[in-house]
There are 4 protein chains.
Amino acid sequence: MTSSSRPGLPPAEVAPAGRPHTGRQRSEAARSAILNAALELLGDSGSAGLTIDAIAATAGVGKQTIYRWWPSKGAVVLEAMTERAGIEAPVPDCGSVTEDLTSFLAATFRNASKSSVSRKLRFVMAEAQHDPQTAEVLGEFTAERRNSLRVILERGQARNELSKAADVDLLIDQAFGFLWYRMLVGHAPLTRRMAKALAEGLVRQALVR
Amino acid sequence: MTSSSRPGLPPAEVAPAGRPHTGRQRSEAARSAILNAALELLGDSGSAGLTIDAIAATAGVGKQTIYRWWPSKGAVVLEAMTERAGIEAPVPDCGSVTEDLTSFLAATFRNASKSSVSRKLRFVMAEAQHDPQTAEVLGEFTAERRNSLRVILERGQARNELSKAADVDLLIDQAFGFLWYRMLVGHAPLTRRMAKALAEGLVRQALVR
Amino acid sequence: MTSSSRPGLPPAEVAPAGRPHTGRQRSEAARSAILNAALELLGDSGSAGLTIDAIAATAGVGKQTIYRWWPSKGAVVLEAMTERAGIEAPVPDCGSVTEDLTSFLAATFRNASKSSVSRKLRFVMAEAQHDPQTAEVLGEFTAERRNSLRVILERGQARNELSKAADVDLLIDQAFGFLWYRMLVGHAPLTRRMAKALAEGLVRQALVR
Amino acid sequence: MTSSSRPGLPPAEVAPAGRPHTGRQRSEAARSAILNAALELLGDSGSAGLTIDAIAATAGVGKQTIYRWWPSKGAVVLEAMTERAGIEAPVPDCGSVTEDLTSFLAATFRNASKSSVSRKLRFVMAEAQHDPQTAEVLGEFTAERRNSLRVILERGQARNELSKAADVDLLIDQAFGFLWYRMLVGHAPLTRRMAKALAEGLVRQALVR
DNA sequence: CCCTAAACGAGACGGTACGTCCGGTCTTAAT
DNA sequence: ATTAAGACCGGACGTACCGTCTCGTTTAGGG
């Protein structure tokens with residue numbers, strides 16, 4: 001998420017330039033206290049206990065200051081996560097699709113199997129199911145993640161490792177679907193071994209025949 | 001969910017046979033009014049508006065009667081769904097894995113793309129993220145669904161259509177993962193075409209080589 | 001309270017004699033278990049905690065068995081008290097009004113200053129304020145107590161110790177009013193000394209002039 | 001009850017002056033709507049029907065706003081009564097104790113025999129029996145009332161109409177005891193004639209001999 | 001010895017109110 | 001204009017009791 005798309009920027013940057021900005025400016029201290037508080041509370045007690053009141057109290061901030069800059073709890077958490085938690089696995093380039101894919105998925109799985117990270121992702125996903133605004137932010141986040149994977153797979157096609165006919169979106173959604181499904185249901189772990197097997201499976205599906 | 005695992009059966013069926021059961025028996029009318037109310041409310045207004053108070057009022061039932069037999073809202077909805085909504089696709093047997101798989105996934109996708117069904121599933125999944133009791137019921141539900149798929153895939157292995165070495169659980173979680181991921185994030189549809197492509201991809205991934 | 005006015009006698013004694021009575025008879029064990037339970041609970045936890053459910057559970061009795069024989073909680077407690085607690089001071093005859101009155105009031109005060117007794121009386125009085133049935137039973141109880149005092153005072157008038165013109169009901173209500181007021185508000189104790197002073201005051205008020 | 005002892009004043013007036021008070025101030029509109037609602041409900045339906053929910057609904061107020069400022073239903077009613085109902089008879093000064101006393105008691109009885117007032121007093125007394133916080137407020141209220149009467153009686157002693165040796169508290173509790181006893185049990189009325197007789201009786205008890 | 005009737009322990013039922021929590025809005029005084 | 005503080009209305013939560021209503025069982029006459 002780029003700085004300019006961050007929710008809740010002060011109106012000054014949006015104003016029609018006639019009136020440049022008047023009054024007190026947004027407090028960066030408040031902003032970061034809020035993000036910290038959200039992460040901390042979500043770490044401590046899990047989704048319960050993460051209330052707007054609690055965030056405000058923990059951050060030493062008025063509730064209005066939260067509502068002024070974020071549309072919903074989910075947005076706060078997601079912004080906190082993406083900014084702080086280093087949740088976004090980098091796109092590697094090892095020379096082969098299988099290796100790239102394995103490396104990317106392994107990094108992603110490792111992250112997601114940290115309970116602190118998983119707790120946050122699961123929370124945001126749950127919020128998104130009844131809060132359209134969280135759904136939108138989550139939509140942007142997941143789209144970005146899918147793009148990373150698309151880069152890898154399309155490079156594979158370009159190198160002629162994977163069939164041009166392969167449906168890349170199908171592969172992507174299998175990969176992230178697998179990840180989220182295990183995270184959300186919790187019936188099986190997200191190990192490095194699973195990442196490797198999944199990567200190989202996906203490549204086998206899309207191999208040039 | 002079999003009748004005997006239904007939550008909240010009267011103690012008689014559970015008691016160690018010493019004391020056979022005394023007192024008034026569970027009212028089937030109340031039970032079914034509650035399930036109906038839950039489905040109706042979830043259909044009308046989506047997850048918001050599905051409150052215990054509303055269910056009780058709609059069903060003409062005391063709140064305690066709900067709490068007596070179900071641990072949580074999610075459990076009510078899930079039981080209502082599994083009992084009423086015919087959500088469970090049957091395990092077909094067409095002679096070939098690809099056909100079986102395609103048919104199974106197509107039926108499942110068709111179901112899940114009905115907004116009435118999807119709304120309920122998404123609601124239960126969201127609930128499960130902060131309510132352990134819903135998580136447990138959802139766990140049972142998803143385990144059953146995975147078993148259906150496992151039957152198909154293991155039949156494929158038995159018929160030597162699929163490699164014995166294939167990791168069946170990996171395939172299963174790719175399939176259901178794909179389904180849930182698209183349902184929950186909503187970035188792409190669940191069409192019959194996707195079901196077919198997914199089925200073929202999974203088979204190709206597990207083919208005897 | 002005489003035996004025949006005890007609430008909840010079996011209909012047999014009321015039936016029009018055509019059909020004498022058939023079926024199981026009232027269980028004395030249940031009756032006394034209920035009264036015991038009421039006293040015990042009121043002793044333990046004070047008015048809170050004295051619920052019909054609790055009485056039934058403590059007595060090992062179905063709730064219906066309580067509702068069958070008593071119209072209200074207050075009635076149970078009052079019957080328990082009058083039957084068990086020996087709450088009714090006897091009417092003494094010492095030869096002089098002042099002595100009789102002092103003795104009667106002292107006995108009454110001593111009783112009422114036992115917290116176990118006072119708790120019960122205060123409970124019944126509170127109940128009576130919003131439950132007409134308790135109010136009625138309490139009315140009977142207090143009427144009886146007033147009659148005891150009336151006997152003493154009218155004997156005083158007969159002996160020419162007190163003026164025939166004295167308003168006996170006024171004196172009685174001053175005495176019991178004093179008692180209840182201190183019991184209910186709790187701002188001052190009910191000592192033997194107070195009983196004596198009160199008795200003397202009342203006698204002085206009603207002396208033949 | 002003076003304004004400064006009114007329960008639930010904003011912390012500002014209580015705070016140690018370090019932080020002068022910040023945030024929205026207590027809404028006088030809400031406060032008075034609550035008191036009105038309490039009186040109205042108690043007038044309409046008697047103690048039943050006077051629930052916190054009903055008060056909040058009638059006053060158009062959140063329940064929390066009630067709980068924020070009053071410890072209990074009884075406290076609300078008592079504050080409403082003392083503030084609105086003009087329940088406190090003034091201390092007259094007619095020149096003679098008997099006249100003062102008669103006038104005071106007659107006014108008090110007239111008030112208490114209005115069913116609207118009596119209903120409220122009886123309600124508060126009943127509440128006080130199982131709610132310590134109501135008991136406390138009621139204690140303050142009755143203490144104040146006793147003080148009014150004490151002023152009259154001590155003036156009588158000062159003027160040498162009443163014996164210096166008379167136990168003033170004994171007389172006071174006979175008077176208010178009489179009042180409350182008849183109000184609570186309801187076996188006899190509180191007429192002007194009774195007020196006069198009571199006043200004369202009490203004076204006769206305490207006359208200089 | 002059965003038959004009918006009533007009382008029993010148990011406990012589920014529809015309701016009402018409770019007191020708490022939280023959401024989202026608003027009003028202060030201060031910066 | 002924004003901030004921390006905090007009161008406001010609204011509404012869902014889960015619990016506790018209420019008084020009623022079945023249940024199956026037990027205990028009495030009366031035929």
Side-chain angles (χ1 to χ4, degrees), chain A residues 10-12 21-27 29-30 48 51-54 56-57 59-69 72-73, chain B residues 10-12 19-27 29-30 48-54 56-57 59-69 72-73, chain C residues 10-12 19-27 29-30 48-54 56-57 59-69 72-73, chain D residues 10-12 19-27 29-30 48-54 56-57 59-69 72-73:
Chain A
H21 176 71
T22 225
R24 186 172 175 176
Q25 259 149 330
R26 177 170 188 184
S27 153
T51 65
I52 294 282
D53 286 283
V61 140
K63 284 203 285 177
Q64 203 60 265
T65 304
I66 301 179
Y67 286 115
R68 193 155 24 234
W69 302 112
S72 71
K73 253 189 312 196
Chain B
R19 187 175 51 71
H21 174 68
T22 211
R24 187 173 178 173
Q25 269 150 323
R26 178 172 189 182
S27 156
L50 185 69
T51 66
I52 294 282
D53 282 295
V61 139
K63 282 203 282 179
Q64 204 65 288
T65 302
I66 301 179
Y67 286 114
R68 188 153 31 230
W69 302 112
S72 70
K73 254 188 313 195
Chain C
R19 188 181 43 73
H21 175 68
T22 217
R24 188 172 177 174
Q25 264 149 327
R26 178 170 188 183
S27 155
L50 185 69
T51 66
I52 294 283
D53 285 282
V61 138
K63 283 202 287 175
Q64 202 62 267
T65 302
I66 300 180
Y67 285 115
R68 191 155 27 231
W69 303 112
S72 70
K73 252 189 313 196
Chain D
R19 187 177 49 72
H21 175 68
T22 210
R24 187 173 178 174
Q25 267 148 325
R26 179 172 187 183
S27 156
L50 185 70
T51 65
I52 295 282
D53 284 293
V61 140
K63 282 203 283 179
Q64 204 66 282
T65 302
I66 300 180
Y67 286 113
R68 190 158 23 235
W69 301 112
S72 70
K73 253 188 313 197

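A, B, ... follow the sequence lines: proteins, then strands. Residue 1 opens every chain. Since the structure is predicted, the reported quantities are computational estimates derived from the model, not experimental observations.
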query = What distance separates D/Ile52 CD1 from D/Ile66 CD1, expressed to the nearest 0.5 Å?
reply = 5.0 Å
task = Starting from P on F/dC8, measure out to CD on A/Gln64 and report it in whole angstrom.
result = 17 Å
query = What nucleotide among F/dC13, F/dA7, E/dC18 has an atom nearest to a side-chain atom of D/Arg24?
reply = F/dA7
inquiry  = Starting the side chain at C-beta, find the nucleotide from E/dC8, E/dC13, F/dC8 nearest to B/Ala30.
reply    = E/dC13
query = Hey, which of these two, A/Ala54 or B/Ala59, hits DNA chain E nearer its 5' end, going by closest nucleotide?
reply = B/Ala59
query = Within this structure, what is the CD1-to-C1' distance between B/Ile66 and F/dT15, rounded to whole angstrom?
reply = 14 Å
message = Looking at C/Trp69, I'd like to know whether one of its side-chain N or O atoms comes within less than 4.0 Å of OP1 or OP2 on E/dC8.
response = yes
task = Side chain of B/Gln25 only, please: which of F/dG24, F/dA4, F/dC17 is the nearest?
result = F/dG24
request  = Map D/Gly23 and B/Tyr67 onto DNA chain F by nearest heavy atom, then report which one ends up closer to the 5' terminus.
outcome  = D/Gly23
task = Tell me which nucleotide among F/dG19, F/dT15, E/dA12 gets nearest to the side chain of B/Arg68.
result = E/dA12
task = Between C/Lys73 and A/Val61, just flag the one whose closest nucleotide in DNA chain F comes earlier from the 5' side.
result = A/Val61
remark   = With the side chain defined as heavy atoms from C-beta on, C/Thr65 is closest, among F/dA4, E/dG9, E/dA6, to E/dG9
request  = Write down the distance between CZ (D/Arg26) and P (F/dC9), rounded to a whole number of angstrom.
outcome  = 11 Å
inquiry  = Which is more 5' along DNA chain E, the nucleotide nearest D/Leu50 or the one nearest C/Ser27? Just name the residue.
reply    = C/Ser27
ask   = Between E/dA10 atom C1' and C/Ile52 atom CD1, what is the distance in whole Å?
value = 16 Å
ask   = Rounded to whole angstrom units, what separation is found between the CG atom of C/Asp53 and the P atom of E/dG9?
value = 15 Å
query = Is there a donor on the side chain of B/Thr22 or the base of F/dG24 sitting less than 3.5 Å from an acceptor on the other?
reply = no
ask   = Is a donor-acceptor contact shorter than 3.5 angstrom present between the side chain of A/Lys63 and the base of E/dG24?
value = yes
